[in-house]
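What follows is a set of notes on a single structure, which appears directly below.
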Amino acid sequence: MTVEEEMAGFIPQKEIVYNGLLPYSDRLDREATELLMEIKANLSRAVLVRELWPGVAFWCRKLFHFLKLYGRRFSKEDHILFIKLLYELVTLPNLEPHMMQNYARLLIQLLRKKELLSRDDLQLPWRPLYDLYDRVVYSKTEHLGLIWFPNSVDHILKALIKSCRLYFPASSTQEMLDEWRPLLCVFDVVMQKAISNMELFLPTIMPPEEHGQGFQLWFDELMNLWTSVQNQPSWEGHLVNLFARLANDNIGYVDWTPYIPTIFTRILRSLNLPVGVSQMVAPRYLTNSYDIGHLVLWITALLGGPGNPAQKELTCLFNSIASFYHPSNHGRWQSRLMRLLQRLPASVVRRVHRERHAARSWITLVPEAQRLTDEDLQEFTRSLIGAALLAMFSKTGCTDAAYALQNLALLTPELAIPPVLEKTYAAMETLTEPHTLTATLSCMIGMARSLVSPNNHYPEGRAHVLPLLIGSLPGVDPNDFSKCMITFQFIATFTTLVPLVDCSSAPSQHGDLTEMEKDLCFATAEFEDFALLSGDLRLISPCRFQFALFLPAVLLKSSL
């Protein structure tokens, strides 16, 4: 324990580290400890005397502000007691909806850091929360005007259930199935309620020894149901969301191999592409499309493993829809395709961080055999790079493609950066295609960090910084405001990431430099020319205020 922890008498769960940088940080520990003691004493007193208003509500608000100011600066025992108390408060029968929402927001905030409390530390019963949800969402009196719920209560309750279901007991899965299995009838509208409740309540994060009491009780049954029904019912989207969450939380513990071709076939069908017809599909099918966010989670969780069968299907999927990313194609389906392209690389980046860099916690790790290797990432980039390069020049803009290329550059810079560099150099030499220059510069801004990063995957990327900076200067065009602004952003980004210092004398002073490092040092002598050219453009540009943001720093660094 540190000195501060000994003075407080406990080990804090999670503090805000930035508070230590404040000029009065030496007083914060004492103030936080005193405020916490005051909140605990008064909140418990208000609960004992049953003073929900204003006592409990006031001190719950104080606790919410405490979390914002000091983080979770309390012991694990206090953390558990706070959660149990708020859980009892939020599930009180006949509680005023406004107060119930406030308690739910505070409870969500307490449960946000799931790595702090394991299932052994905390367990919450699911039945009171389900009764509350059923009473509010499926109210029999609200439509009669006998009770009024705020519009946001539905979203808050769903967020609360998502935070609490991690701590439902192992036996809760069987109890939920006993409750909702009688409602599973494909010819009745009550099927929608059963599947939506399963999606919302069924826990999927469990240790491997509890899988027999968890998803193994319902996986085969619901998967057979999904593969059997082909008419796109309204509840199918909820079932897909449940499968996506299951796959993401249990990578390597669920055998998806027999279902992978069916999964990607359904995904392709849900995109509602006008294949082989002159008009779009019926509008009623558009309402039953799968959620792109959950589709991305599902695809990401399927990747990897021996043989990587999901990657082969993903490559076929993007080969079949690549032509729809061409700038000449435009339709109602394009927004879904662009969201898929944008979110899929970002999801893979999060999985790679989870497998390689995330801090260890009680949550089960991904097995070694199922983790993504460098070869898997290269194959993934090859399957998406063609569509991303086409989407750069989309009629809806290049923002989605820029995000996709940025994340692909983080995964495999040696495959993602060279084709974009080639298009950027070609666009800089052509003055008659401003849209091409604007799109390529936007993508290069997103890939800037990967380009200048001195890693072993693409070390030659740093050699392109000076040619790109000098080649972008003609983009400062007073007659094209959008091109002028993106050029300023491009120059400002690279001058922020790269110190503009003349290091041409470094090779004579250091004998341990590689040939590439020596070439980079010699090239830095051109920084002064770049600064002088920027100064000349500053005199003729009507947007001189933009140059004022970065030109003084450029001149100062180059003079050093």
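Note: hydrogens, waters and symmetry copies are ignored here, and every other heavy atom, side chains too, is used. Quick caveat: nothing in here was measured; it's all calculated off a predicted structure.
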Correct closest heavy-atom pair for Ala401 and Ala388 would be CB-O, 3.8 Å
Sub-3.5 Å donor-acceptor pair from the side chain of Arg351 to the main-chain atoms of Leu303, do we have one?
-> yes
So, Asn42 side chain and Glu38 main chain: donor-acceptor pair closer than 3.5 Å or not?
-> yes
Indicate the atoms forming the closest heavy-atom contact of Arg119 with Ile205, along with that distance.
-> CD-O, 3.7 Å
Scanning both residues in full, the closest heavy-atom pair of Leu116 with His79 reads CD1-CE1, 4.3 Å
Between Asp220 and Gln216, is there a donor-acceptor pair closer than 3.5 Å when you use the side chain of the first and the backbone of the second?
-> no
Are any side-chain N or O atoms of Arg336 and backbone N or O atoms of Ile292, one a donor and one an acceptor, separated by less than 3.5 Å?
-> no
Electrostatic pair Glu221:Arg181 at N-O distance under 4.0 angstrom = yes
Is there side-chain contact between Leu273 and Leu268, with at least one heavy-atom pair below 4.5 Å?
-> yes
Please determine, by modelled atom types, if Asn250 and His211 share a side-chain donor-acceptor pair under 3.5 angstrom.
-> yes
Could you walk me through whether Asp154 and Tyr133 pass side chain to side chain contact (heavy atoms under 4.5 Å, CB included), step by step?
-> CA-CA 8 Å; Asp154 187 12; Tyr133 179 76; 4.2 Å; yes
What's the spacing between Leu132 CG and Ile161 CD1 if we round to 0.5 Å?
-> 7.5 Å
Do other residues, nucleotides or ligands put more than 12 heavy atoms under 6.0 Å from Tyr403 OH?
-> no
How are the rings of Trp333 and Phe324 set relative to one another: parallel (under 30°), tilted (30 to 60°) or perpendicular (over 60°)?
-> perpendicular
Going by heavy atoms in the side chains, are Leu166 and Leu111 under 4.5 Å from each other?
-> no
How far does CD1 of Ile11 sit from CD of Glu77, to the nearest 0.5 angstrom?
-> 9.5 Å
Give, for atom NZ of Lys84 and atom CG of Leu122, the distance between the pair rounded to the nearest 0.5 Å.
-> 6.5 Å
Donor-acceptor pair, Ser347 side chain versus Leu344 backbone, under 3.5 Å?
-> no
Below 4.5 Å, heavy atoms only, C-beta onward: do Phe380 and Thr412 meet side chain to side chain?
-> no
Judged by modelled atom types alone, do Gln370 and Tyr253 share a side-chain donor-acceptor pair under 3.5 Å?
-> no
Above 12 or not: heavy atoms from other molecules or residues under 6.0 Å from CZ of Arg356?
-> yes
Under 3.5 Å, is there a donor-acceptor pair between the side chain of Tyr87 and the main chain of Pro125?
-> yes
Ion pair present between Glu199 and Arg245, side-chain N to carboxylate O less than 4.0 angstrom?
-> no
Any chance CH2 of Trp53 has more than 12 other-residue heavy atoms, nucleotides or ligands included, within less than 6.0 Å?
-> no
If you take all heavy atoms of Ala402 and Ser442, which pair is closest and at what distance?
-> CB-O, 4.1 Å
First locate atom CD of Gln232, then atom OH of Tyr290, and finally report the distance between them rounded to the nearest 0.5 Å.
-> 6.5 Å
Arg269 and Gln230: CA distance, side-chain angles, deciding distance, side chain to side chain contact (heavy atoms under 4.5 Å, CB included) verdict | CA-CA 11 Å; Arg269 189 179 70 175; Gln230 301 286 337; 3.8 Å; yes
For Met100 and Val153, run side chain to side chain contact (heavy atoms under 4.5 Å, CB included): C-alpha distance rounded to whole Å, both residues' side-chain angles, the deciding distance at 0.1 Å, then the answer.
-> CA-CA 9 Å; Met100 183 266 294; Val153 68; 3.5 Å; yes
Within the side chain of Arg72, is there an N or O that forms a donor-acceptor pair under 3.5 Å with the backbone of Leu67?
-> no
Compare all side-chain heavy atoms of Leu246 with those of Trp256 and state whether any distance is below 4.5 angstrom.
-> yes
Ion pair Arg266/Glu236, N-O distance below 4.0 Å = yes
If we only count heavy atoms from C-beta on, is the Glu179 to Tyr130 side-chain gap below 4.5 Å?
-> yes
Under 6.0 Å between the ring centres of Trp180 and Phe201?
-> yes
Anything under 30° is parallel, anything over 60° is perpendicular, the rest tilted; go ahead and classify Trp298 against Phe243.
-> tilted
Just by distance, do the side chain of Trp126 and the backbone of Pro169 share a donor-acceptor pair under 3.5 Å?
-> no
Close side-chain approach of Asp134 and Lys193, heavy atoms under 4.5 Å = yes
Between Met206 and Gly214 the two heavy atoms that sit nearest each other are SD-CA, 3.8 Å
Would you kindly say whether Arg449 and Thr493 are connected by a side-chain donor-acceptor distance under 3.5 Å?
-> no
Determine yes or no for a side-chain-to-main-chain donor-acceptor pair under 3.5 angstrom, with Tyr70 supplying the side chain and Leu28 the backbone.
-> no
Would you please classify the geometry between the Tyr325 ring and the Phe318 ring as parallel, tilted or perpendicular, with 30° and 60° separating the classes?
-> parallel
Met99 and Leu52: which non-hydrogen atoms are nearest, and at how many Å?
-> CE-O, 3.3 Å
Which value, rounded to the nearest 0.5 Å, describes the distance between Thr300 atom OG1 and Ile251 atom CD1?
-> 8.5 Å
In terms of side-chain geometry, is the basic nitrogen of Asp376 or Arg371 positioned less than 4.0 Å from the acidic oxygen of its partner?
-> no
Find out whether Leu63 and Ile39 are in side-chain contact, i.e. whether some heavy atom of one side chain is under 4.5 Å from a heavy atom of the other.
-> yes
Considering residues, nucleotides and ligands other than Tyr138, do more than 12 of their heavy atoms fall under 6.0 Å from its OH?
-> yes
Interatomic distance, Met223 atom CE to Leu225 atom CG [nearest 0.5 angstrom] | 10.5 Å
For side chain to side chain contact (heavy atoms under 4.5 Å, CB included), just list the numbers for Leu95 and Leu89, CA-CA rounded to whole Å, side-chain angles, deciding distance to a tenth of an Å, and then say yes or no.
-> CA-CA 9 Å; Leu95 186 64; Leu89 289 174; 5.7 Å; no
Non-hydrogen side-chain atoms of Glu355 and Leu372 separated by less than 4.5 Å | yes
Donor-acceptor contact present, side-chain Asn272 to main-chain Ser270, <3.5 Å = yes
